[in-house]
Amino acid sequence: MDGELLEKGYEPQAVEARWYDFWMEHGCFAADPHRPGPAFVIVIPPPNVTGVLHMGHALTITIQDALIRWRRMCGDNTLYLPGTDHAGIATQMVVERALKADEGLSRHDLGRGPFIERVWQWKERHGNRINDQLKVLGASLDWDRERFTMDALLTRAVREAFVTLHEQGLIYRDAKLINFCPRCTTALSDLEVRHEENVAGTMWDFAYPLEGGGEIVVSTTRPETMLGDSAVAVHPDDPRYQALIGRRIVHPLLSRTFPVVGDAILVDPAFGTGAVKVTPAHDFNDFEVGRRHGLELIPIFDDRAVTTAVCGAFAGLDRDEARVRVLAALGEQGLLRGERPHTMALGRCQRCATLLEPTLSPQWYVRTKPLAEQALAAVEDGRTTILPESQVKVYKHWLENIQDWCISRQLWWGHRIPAWYCDGCGTCTVTREDPPCCPGCGGPLRQDEDVLDTWFSSGLWPFSTLGWPAQTPELQAYYPTTVMETGYDILFFWVARMMMMGLHLVGDVPFRRVYLHGMIRDSRGEKMSKTRGNVIDPLDLTARYGSDALRFTLASLAVQGRDIKLAEEWIAGYRAFCNKIWNAGRFTLGQLAGWSRPASPPPGLSLADRWILGRLERAIVAVNEGLANFKLNEASLAAYHFFWHELCDWYLEMSKAPLYGDDPVAQQAARYTLCHVLDAGLRLLHPFMPFLTEELWQKLPRLPGDPVSLMLARFPQPGELPLDPEAEETVELAHEVIGAVRAIRSECGVPPAARPALLIHAPAETSRRRLAAMHAQIVTQARLGSLEVAAGGEAPRGSAKAVVGGTVEILLPLLGVVDLEVELARLHKGIGKTEQELAGVRKKLGNADFLGRAPAAVVEKERGREQELGETLSRLHAGLARLQQALG
RNA sequence: GGGCGAAUAGCUCAGUGGGAGAGCACCUGGCUUACACCCAGGGGGUCGCAGGUUCGAGCCCUGUUUCGCCCACCA
């Protein structure tokens with residue numbers, strides 16, 4: 001010990017700044033696939049390269065890093081692998097915006113190649129900001145293994161996956177209806193559609209004239225799509241319309257005709273007019289009707305949802321204009337039959353909120369059914385388990401009803417689809433290596449313009465990052481990974497797809513365990529969003545409270561399956577806890593200055609020493625169990641409770657007597673214990689607050705063989721400390737006595753400076769022995785002038801009374817010190833409470849059914865309570881009588 | 001239309017069959033030589049509602065109300 005003094009108050013900024021580089025320099029994060037020991041692997045859910053740290057990241061990092069640090073300290077061969085996602089559409093939009101703002105150019109002005117070059121430049125300059133932010137949080141990631149989904153290595157994996165699936169017939173190209181965003185001008189998968197419910201809209205009725213006279217009235221929320229109608233459907237059994245099936249309708253605004261068809265699947269005769277206009281090229285249901293009846297597909301919108309030439313006089317209009325003009329034209333012709341308010345559901349673009357247009361377009365798809373079956377089986381047979389368990393149902397339901405996955409996007413930034421078309425012979429070539437010419441006719445080729453859905457490459461992440469398709473040592477040592485920790489919001493987007501891809505391509509599950517954390521909300525439970533203005537910035541919090549406090553807060557609030565309502569007061573509270581730890585460290589280091597730490601316990605451990613070691617053992621069990629079961633709240637709170645309310649509140653105070661005293665044996669024992677429990681406490685807390693614990697641990701006296709960093713030190717394991725029930729009972733008794741005296745002092749208003757004489761009557765010899773052993777501690781902690789313990793006798797006149805454990809009487813003389821009336825009221829209250837409790841117990845014991853059917857142990861326990869409460873009560877009554885005597 | 005979750009102290013939440021808990025807030029008293037980011041003491045709850053199972057229910061079952069989320073192609 002160099003005698004260096006700590007600052008009085010804890011300043012997280014200074015402490016937290018100094019350790020990350022230290023850990024890096026000493027290679028503390030580095031994984032080695034050849035190392036012995038069970039593997040424990042977490043690959044980070046890759047944040048977007050464009051991303052800035054938000055609360056969700058802070059939570060995910062807190063949980064993952066706590067698990068990784070814990071297992072690393074337990075001796076596992078850990079790998080925590082970092083990396084980022086190229087995030088196709090998001091990144092492209094960011095760079096496009098910057099391009100527009102800085103140079104007034106669109107991506108089309110630049111052209112594809114130069115634009116992609118710009119995105120790379122942007123990524124190099126601004127892209128990895130989030131990595132530095134992860135370091136601020138203390139994430140113990142192995143940066144030498146950092147990956148990016150567009151790296152050459154991962155691009156190779158994407159190519160391998162695509163070609164393999166294509167060869168197996170699991171990737172195909174087809175022209176069908178797809179959700180298309182007219183603003184992003186790209187197709188989207190079903191998952192990227194944001195469903196908006198209960199939108200206030202309008203339902204219009206209008207009449208279609210029938211060829212040869214008559215009309216049929218249809219209802220619609222999208223009148224403009226009538227420009228693309230190719231049928232009106234009615235129910236085949238509907239007597240109103242049966243006769244009309246097969247007749248033709250004359251399009252009132254365009255020069256064409258189309259039929260009335262009977263379709264029992266689409267049409268509900270009870271809804272609206274019972275006749276439905278059919279637009280096969282812009283509605284998913286109508287598309288199916290079109291297939292069933294061989295109807296014409298008439299796309300009326302281009303990829304920006306502007307009406308095309310087929311709309312004749314209505315060409316060149318956006319969707320809203322087209323609606324207005326069509327309604328006007330129908331009105332002029334006297335065909336409008338009414339309108340009414342109607343609530344409906346709409347699909348919007350997840351990214352830009354634009355109303356999606358179902359559009360007919362050729363896209364690439366993954367045939368998901370066979371993949372989903374494997375993913376389902378792996379969860380059913382337990383190769384992968386999902387926590388919280390409630391999410392298993394959600395996972396299964398989605399996979400059981402899965403639709404084919406549209407993986408092509410009309411973007412520039414992303415993995416280009418490895419398909420080449422020959423305009424000469426019309427073939428499509430999909431290969432691992434770029435083909436120089438058409439393998440069919442030798443003619444020139446053009447590559448598919450589209451890129452892959454970002455989630456396609458994300459789906460390969462657990463193995464592409466480990467070198468797949470090459471059989472690397474990493475893949476062999478670390479696949480399947482151990483835990484996939486992420487938010488439940490991307491269960492379908494990501495988790496389910498990794499399961500499908502990993503099982504199919506690598507042949508084993510990508511992870512043994514899925515742990516899905518909840519969403520972070522504001523203190524009122526609302527989603528954080530820029531528009532609401534309720535976003536809490538984790539970096540702002542770390543700046544003001546420290547990363548340790550933020551991490552500890554998130555860990556303590558992380559209850560399985562629940563969203564987290566985050567209020568700043570929590571963080572402030574755990575900031576105070578950091579200060580508490582700091583000061584406990586300060587005290588300890590002050591006491592241990594110049595002391596050399598023995599490797600094994602010295603003789604003469606006091607009761608207090610043995611007691612705190614017992615409490616430590618229980619904390620060790622709870623923290624390990626909590627972490628093992630992904631109950632971070634239980635683990636962190638167990639460590640918190642031990643450190644503050646057992647170590648600081650009681651042990652530190654009790655240790656002062658031997659530490660300050662002149663008995664060298666007692667002093668040595670106290671120093672040893674103090675050092676040991678603080679060390680162990682820091683280890684238990686380290687997964688949650690890595691910086692502060694490292695700072696203090698580094699200053700503690702070292703043992704030979706100690707590693708360079710706390711993060712490499714051994715995590716306390718259950719069963720290494722002997723339990724000492726006698727010490728625990730003795731100290732607990734003393735605590736109860738001290739608590740009773742303090743309560744009397746406080747409630748009766750005994751002046752703080754007063755040092756009253758305490759008399760204890762304890763009929764049991766065991767109690768007297770225990771109290772004698774704790775004599776000095778009781779005197780100090782209860783601030784007494786003297787303490788006398790006797791088997792029994794007369795209570796001093798005018799004393800306050802409390803009873804501990806049924807028979808131990810606490811007698812504190814108050815005559816002439818305070819108003820005895822106050823004590824009288826206090827006693828009455830205590831008696832009332834005890835009576836109430838006793839009545840409850842007696843009621844139970846008076847029930848024959850309870851005696852007959854409850855387990856013997858439970859009955860025995862209640863009998864014990866009855867006796868203790870009864871004894872307490874009679875002693876309190878005696879005290880009351882005596883007090884009334886003194887008053888009367 | 002299905003599925004899921006929540007409802008416990010003023011607030012935020014733990015507590016999966018036997019004595020209602022934590023943190024914050026509140027009240028009282030204390031600058032006691034680690035810490036006022038602290039210490040000690042205290043007040044405060046018919047555990048959403050109604051039934052049921054059980055010797056015993058905050059916890060299990062049924063129904064119900066309110067709130068939230070997810071999934072779903074009703075014009």
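Everything quoted here is computed from the prediction, not taken from an experiment. Scope of the values below: all heavy atoms of this structure, side chains included, with no hydrogens, waters or symmetry mates. Letters go in sequence order (proteins before strands), and every chain restarts at 1.
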Which sits closer to the 5' end of RNA chain B, A:D563 or A:E747, going by the nucleotide each is nearest to?
-> A:D563

Note: for A:K8 and A:E868 on RNA chain B, the residue whose nearest nucleotide lies more 5' is A:E868

Counting just side-chain N and O atoms, does [X] come under 4.0 Å of either OP1 or OP2 of [N]?
| X | N | answer |
| --- | --- | --- |
| A:Y10 | B:C38 | no |
| A:R586 | B:A34 | no |
| A:R826 | B:G41 | no |
| A:H195 | B:C71 | no |

Counting heavy atoms not belonging to A:H645, are there more than 12 under 6.0 Å from its NE2?
-> yes

Check: [X] side chain, [N] base, donor-acceptor under 3.5 Å:
| X | N | value |
| --- | --- | --- |
| A:K580 | B:C35 | yes |
| A:R575 | B:C37 | yes |
| A:E653 | B:A40 | no |
| A:R742 | B:G41 | no |

With heavy atoms under 4.0 Å as the rule, sort A:P358 into base, sugar-phosphate or nothing.
-> nothing

Would A:W204 and A:T221 count as a side chain to side chain contact (heavy atoms under 4.5 Å, CB included) if you check the C-alpha gap in whole Å, the side-chain angles of each, and the deciding distance to 0.1 Å?
-> CA-CA 6 Å; A:W204 286 272; A:T221 55; 5.6 Å; no

Start with the C-alpha gap between A:D263 and A:R292, add the side-chain angles, then the distance that decides, and say whether side chain to side chain contact (heavy atoms under 4.5 Å, CB included) holds.
-> CA-CA 9 Å; A:D263 194 284; A:R292 287 196 288 273; 3.0 Å; yes

Counter-base of B:C49, judged by Watson-Crick or G-U geometry with both distances under 3.5 Å = B:G63

